[in-house]
**Student:** 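Please find one structure pasted underneath; my questions will follow.
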Amino acid sequence: MVQRKVLGKRTDSELECYLKEGNRFTPEAVKMAFEILERRGRIFSEEEKKSVQRMIREKTESESVSLDAEKEVWKDYITDDPDAVPLYPRELIMILGFFLGTVPGAVLLGMNLIRLKNTFRPFLPSSWALLLLSCRIL
């Protein structure tokens, strides 16, 4: 989130950097820098205005595409990679752990970690489940 106060404190030459092609600033920051420079009396040609508007539009589109792709990845956990390791879903582990107890959930979690070839970590959920089971028995 860009604040107008912060950009307003910058010099004109620093704000000019926001309007250069290939910068790393957000589209909101570029738009605010453009507006601040206009208010300070900088006169832009029509070509410069179009260039800035095009840059803002491209940045907004690329930002929305990357956000959509990120949401899609986190949404369904599906991969197109044929070499991906099949794992038990998190929801299944949670449901089994809730309804059947910690041991079945810990076993599935441990099996996922074994499939991922973690050397030490598969024993952590199993030992935790056995500890909880022994406390429950006692």
Side-chain angles (χ1 to χ4, degrees):
M1 177 91 182
V2 180
Q3 294 183 357
R4 190 173 296 275
K5 288 180 185 179
V6 175
L7 286 180
K9 294 178 183 177
R10 299 206 183 261
T11 64
D12 288 350
S13 61
E14 289 175 331
L15 291 175
E16 291 285 338
C17 294
Y18 282 73
L19 305 180
K20 290 181 182 175
E21 288 289 329
N23 63 39
R24 58 179 178 83
F25 302 109
T26 63
E28 295 85 16
V30 173
K31 186 175 180 180
M32 280 188 212
F34 180 73
E35 291 170 357
I36 290 171
L37 283 172
E38 276 188 325
R39 251 187 304 160
R40 289 183 182 174
R42 168 94 190 312
I43 299 172
F44 292 97
S45 66
E46 286 301 316
E47 183 180 309
E48 289 174 322
K49 288 180 183 180
K50 287 180 183 178
S51 173
V52 170
Q53 292 301 325
R54 181 183 47 80
M55 180 176 28
I56 291 171
R57 188 175 352 96
E58 288 173 357
K59 283 180 173 282
T60 305
E61 289 172 359
S62 68
E63 192 175 82
S64 67
V65 166
S66 66
L67 285 176
D68 289 344
E70 186 175 317
K71 286 179 186 176
E72 184 66 29
V73 166
W74 284 103
K75 183 176 161 183
D76 54 12
Y77 310 107
I78 295 176
T79 181
D80 295 333
D81 185 12
D83 299 327
V85 178
L87 300 174
Y88 293 106
R90 183 180 353 174
E91 292 82 13
L92 176 66
I93 295 172
M94 296 288 287
I95 291 169
L96 282 178
F98 183 75
F99 288 113
L100 299 178
T102 57
V103 175
V107 167
L108 288 181
L109 182 59
M111 289 174 67
N112 275 353
L113 292 172
I114 288 171
R115 287 181 180 173
L116 291 174
K117 294 186 175 47
N118 267 329
T119 55
F120 178 69
R121 290 189 180 173
F123 300 108
L124 290 176
S126 304
S127 60
W128 178 253
L130 290 175
L131 177 70
L132 288 176
L133 183 65
S134 64
C135 289
R136 182 183 274 178
I137 291 172
L138 295 175

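Below, all heavy atoms of this structure are taken into account, side chains as well, without hydrogens, waters or symmetry copies.
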**Student:** What residues, two or more places apart in sequence or in another chain, satisfy ring pair (Phe, Tyr, Trp, His ring centres under 6.0 Å) together with Phe44?
**Tutor:** Phe34
**Student:** For residues Lys49 and Glu38, report the shortest heavy-atom separation together with the two atoms involved.
**Tutor:** CE-OE2, 3.8 Å
**Student:** What distance separates Leu7 CG from Ile36 CD1, expressed to the nearest 0.5 Å?
**Tutor:**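 Reported value, rounded in 0.5 Å steps: 5.0 Å.
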**Student:** Might you point out which heavy atoms bring Ile56 and Pro27 nearest each other, and give the distance in Å?
**Tutor:**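 Closest approach of Ile56 to Pro27, heavy atoms only: O-CB, 4.0 Å.
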**Student:** Testing the basics here: between Arg39 and Arg4, what is the closest heavy-atom pair and its distance to 0.1 Å?
**Tutor:**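 Between these two residues, the closest heavy atoms are NH2-NH1, 3.2 Å.
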**Student:** Are there over 12 heavy-atom neighbours, none belonging to Leu100, within less than 6.0 Å of that residue's CG?
**Tutor:**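 Counting neighbours around CG of Leu100, more than 12 heavy atoms of other residues, nucleotides or ligands fall under 6.0 Å, so yes.
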**Student:** Between Glu48 and Arg42, is there a salt bridge with N-O shorter than 4.0 Å?
**Tutor:** yes
**Student:** Leu19 versus Leu37: any side-chain heavy-atom pair under 4.5 Å?
**Tutor:** yes
**Student:** Would you name the heavy atoms of Met32 and Gln3 that are closest together and state the gap between them?
**Tutor:**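 Closest approach of Met32 to Gln3, heavy atoms only: SD-C, 4.3 Å.
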**Student:** Taking only residues two or more places apart in sequence or in another chain, which ones pass side-chain contact (heavy atoms from CB on, under 4.5 Å) with Val107?
**Tutor:**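 side-chain contact (heavy atoms from CB on, under 4.5 Å) check on Val107 returns Val103, Met111.
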**Student:** Could you go through Leu116 and Leu87, starting from their C-alpha distance and side-chain angles, then the distance that decides it, and tell me whether this counts as side chain to side chain contact (heavy atoms under 4.5 Å, CB included)?
**Tutor:** CA-CA 9 Å; Leu116 291 174; Leu87 300 174; 4.2 Å; yes
**Student:** Any chance you could measure Leu109, atom CG, to Ile114, atom CD1, to the nearest 0.5 Å?
**Tutor:**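 It comes to 10.0 Å.
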**Student:** Near Lys31 NZ, under 6.0 Å, is it more than 12 heavy atoms from other residues, nucleotides or ligands?
**Tutor:**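 12 or below, so no.
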**Student:** Has Glu14 got a side-chain atom pairing as donor or acceptor with Thr11's backbone, closer than 3.5 angstrom?
**Tutor:** yes
**Student:** Any ring-ring contact (aromatic ring centres under 6.0 Å, His included) pairs touching residues 87-115, not counting sequence neighbours?
**Tutor:**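 Checked against ring-ring contact (aromatic ring centres under 6.0 Å, His included) - neighbours excluded - no pair reaches residues 87-115.
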**Student:** Roughly how far, to the nearest 0.5 Å, is CD of Glu61 from CD of Glu58?
**Tutor:**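 CD of Glu61 is found 7.0 Å from CD of Glu58.
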**Student:** Ion pair present between Arg54 and Glu21, side-chain N to carboxylate O less than 4.0 angstrom?
**Tutor:**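 Here Arg54 pairs with Glu21 in a salt bridge, since their nearest N and O are under 4.0 Å apart.
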**Student:** Measure across Val30 and Met55 and return the closest heavy-atom pair with its distance rounded to 0.1 Å.
**Tutor:**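 Closest approach of Val30 to Met55: CG1-CE, 4.2 Å.
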**Student:** Can you see which heavy atom on Pro104 is nearest to which on Leu96, and at what distance?
**Tutor:**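 Looking at all heavy atoms of both residues, the closest pair is CB-CB, 4.5 Å.
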**Student:** Would you confirm whether Lys59, through its side chain, and Glu28, through its main-chain N or O, come within 3.5 Å as a donor-acceptor pair?
**Tutor:** no
